[in-house]
Peer 1: 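Sending over a structure as structure tokens; questions will come in a sec.
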Amino acid sequence: MEIDRAVAFQEVWGGIALPPAPAYEGGPRVLEADFPEDRGTDGWCFPAGDCRVSMGYGFMIGPGGEFGIDANHWTPLHASTQGWVEALALAHHAGRWAQTVTRIKGDAVEEVDLDGFEPVPEVQGLTDTWWRGKDSLIAIYRGEAVGYTAPRCQQAHIYGGLNA
């Protein structure tokens, strides 16, 4: 069954080259399934593609199809690979059209005011989330913070000055 999941992933996503992500040292360069691994209580996962740079974790597809990282433990970022790809597209769009981009790191991320913002459902955010406001977008990246139990690793990117 796990081999079938990896094969199905490869048939849909295998070989797709991705633009760099604004977090996670750019994310995987190309989506590629590899051999499934039994993660014990986390279930079966399989690698989703090689990292762009040498990293302390890898990108994985979780037991329910989640896209995430395998740091000190399995951390799902998005509910699916589609969510990861949507988040990359949104980051590219927002980065190109925003008047300002503010980056916040560590504990200060907890102080980001999301009043008046709605979640962006297309990214299927789990640990990472996107929020839409009147003229701005906010991306909150908590994967490394959760995966390493290191709050200093979380970050937020606030894209301001976006029109409808």
Side-chain angles (χ1 to χ4, degrees), residues 9 12-13 16-29 31 39 41-43 45-49 51-53 55-164:
F9 173 89
V12 173
W13 299 104
I16 294 178
L18 301 171
Y24 306 104
E25 296 289 345
R29 182 179 307 278
L31 293 174
R39 309 292 301 154
T41 59
D42 291 332
C45 298
F46 59 88
C51 301
R52 291 174 185 276
V53 298
M55 311 224 345
Y57 56 81
F59 295 93
M60 305 286 280
I61 303 303
E66 311 90 344
F67 184 93
I69 60 172
D70 182 25
N72 286 350
H73 59 272
W74 161 242
T75 305
L77 305 176
H78 299 271
S80 71
T81 303
Q82 179 71 36
W84 170 260
V85 171
E86 290 287 344
L88 288 177
L90 193 54
H92 177 74
H93 173 81
R96 177 181 168 130
W97 295 105
Q99 299 283 327
T100 62
V101 180
T102 304
R103 290 177 175 78
I104 300 170
K105 295 183 178 183
D107 292 334
V109 171
E110 299 302 329
E111 297 172 21
V112 172
D113 184 7
L114 296 174
D115 285 344
F117 284 81
E118 296 179 8
V120 177
E122 293 84 357
V123 303
Q124 303 172 28
L126 297 174
T127 306
D128 289 356
T129 55
W130 277 80
W131 301 84
R132 179 182 296 125
K134 181 181 175 192
D135 66 349
S136 58
L137 287 164
I138 299 175
I140 299 180
Y141 302 101
R142 289 193 168 104
E144 290 176 344
V146 172
Y148 287 123
T149 316
R152 70 184 176 281
C153 293
Q154 64 186 340
Q155 54 183 300
H157 297 179
I158 302 169
Y159 301 90
L162 294 167
N163 61 27

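No hydrogens, no waters, no symmetry mates; every other heavy atom, side chains included, goes into these values. Not measured: the values here are computed from a predicted model.
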Peer 1: Would you say the side-chain atoms of R52 pair up with the backbone N or O of G26, donor to acceptor, closer than 3.5 Å?
Peer 2: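 Answer holds: yes.
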Peer 1: Find out whether P119 and T129 are in side-chain contact, i.e. whether some heavy atom of one side chain is under 4.5 Å from a heavy atom of the other.
Peer 2: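 Result no, sub-4.5 Å side-chain heavy-atom pair not found.
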Peer 1: For Q155 and E144, which I'm curious about, is there any donor-acceptor pair between the side chains at under 3.5 Å?
Peer 2: no
Peer 1: Hey, does the side chain of H78 reach the backbone of F67 with a donor-acceptor pair shorter than 3.5 angstrom?
Peer 2: no
Peer 1: For a quick test of reading the model, state the closest non-hydrogen atom pair linking A21 to L88 and the distance between them.
Peer 2: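 Minimum heavy-atom contact is CB-CD2, 3.3 Å.
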Peer 1: Locate the shortest heavy-atom distance separating A145 from P151; write the atom from each residue and the value.
Peer 2: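 In terms of heavy atoms, the two residues are closest at CB-CA, 4.0 Å.
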Peer 1: Taking atom CD of Q154 and atom CG of D128, what is their separation to the nearest 0.5 Å?
Peer 2: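 If we round to the nearest 0.5 Å, Q154:CD and D128:CG are 10.5 Å apart.
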Peer 1: For the residue pair V120 and R132, what are the closest heavy atoms and their distance?
Peer 2: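 So the minimum-distance heavy-atom pair works out to CG1-NH2, 3.7 Å.
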Peer 1: Taking side chain as C-beta onward, heavy atoms only, is L90 less than 4.5 Å from E122?
Peer 2: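 Answer no - side chains too far apart.
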Peer 1: How long is the gap from CD on Q124 to CG on L77, to the nearest 0.5 Å?
Peer 2: 12.5 Å
Peer 1: If the condition is ring-ring contact (aromatic ring centres under 6.0 Å, His included), which residues does Y24 pass it with, not counting sequence neighbours?
Peer 2: none
Peer 1: For a side chain to side chain contact (heavy atoms under 4.5 Å, CB included) check, start with the C-alpha distance between L137 and L162, then their side-chain angles and the critical distance, and finish with the verdict.
Peer 2: CA-CA 8 Å; L137 287 164; L162 294 167; 3.7 Å; yes
Peer 1: Please round to the nearest 0.5 Å and tell me the distance separating atom NE2 of H157 and atom CD1 of I138.
Peer 2: 12.0 Å
Peer 1: Hey, could you give me each pair passing ring-ring contact (aromatic ring centres under 6.0 Å, His included) that has a residue in residues 99-138? Not counting sequence neighbours.
Peer 2: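 Qualifying pairs: W130-Y159.
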Peer 1: Find out whether C45 and R39 are in side-chain contact, i.e. whether some heavy atom of one side chain is under 4.5 Å from a heavy atom of the other.
Peer 2: yes
Peer 1: Going from CZ on R103 to CD1 on I158, what distance comes out if it is rounded to the nearest 0.5 angstrom?
Peer 2: 11.0 Å
Peer 1: Once rounded to the nearest 0.5 Å, what's the spacing between atom SG of C153 and atom NZ of K105?
Peer 2: 9.5 Å
Peer 1: Between Y57 and T75, is any pair of side-chain heavy atoms under 4.5 Å apart?
Peer 2: no
Peer 1: Can you check side chain to side chain contact (heavy atoms under 4.5 Å, CB included) on V146 and H73, steps first, answer last?
Peer 2: CA-CA 9 Å; V146 172; H73 59 272; 4.2 Å; yes
Peer 1: In Å and rounded to the nearest 0.5 Å, what is the CZ to NE2 distance from R96 to H92?
Peer 2: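 Going from the CZ atom of R96 to the NE2 atom of H92 covers 6.5 Å.
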Peer 1: So, do L114 and I140 sit near enough that their side-chain heavy atoms are less than 4.5 Å apart?
Peer 2: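 Yes, close enough: below the 4.5 Å cut-off.
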Peer 1: Please report the shortest heavy-atom distance between S136 and G160, naming the atom on each side.
Peer 2: CB-CA, 4.0 Å
Peer 1: Where do I69 and M55 land on the side chain to side chain contact (heavy atoms under 4.5 Å, CB included) test, with the steps shown first?
Peer 2: CA-CA 11 Å; I69 60 172; M55 311 224 345; over 6 Å; no
Peer 1: Identify the heavy atoms of P63 and W74 that sit nearest to each other, and give their distance.
Peer 2: CD-NE1, 4.1 Å
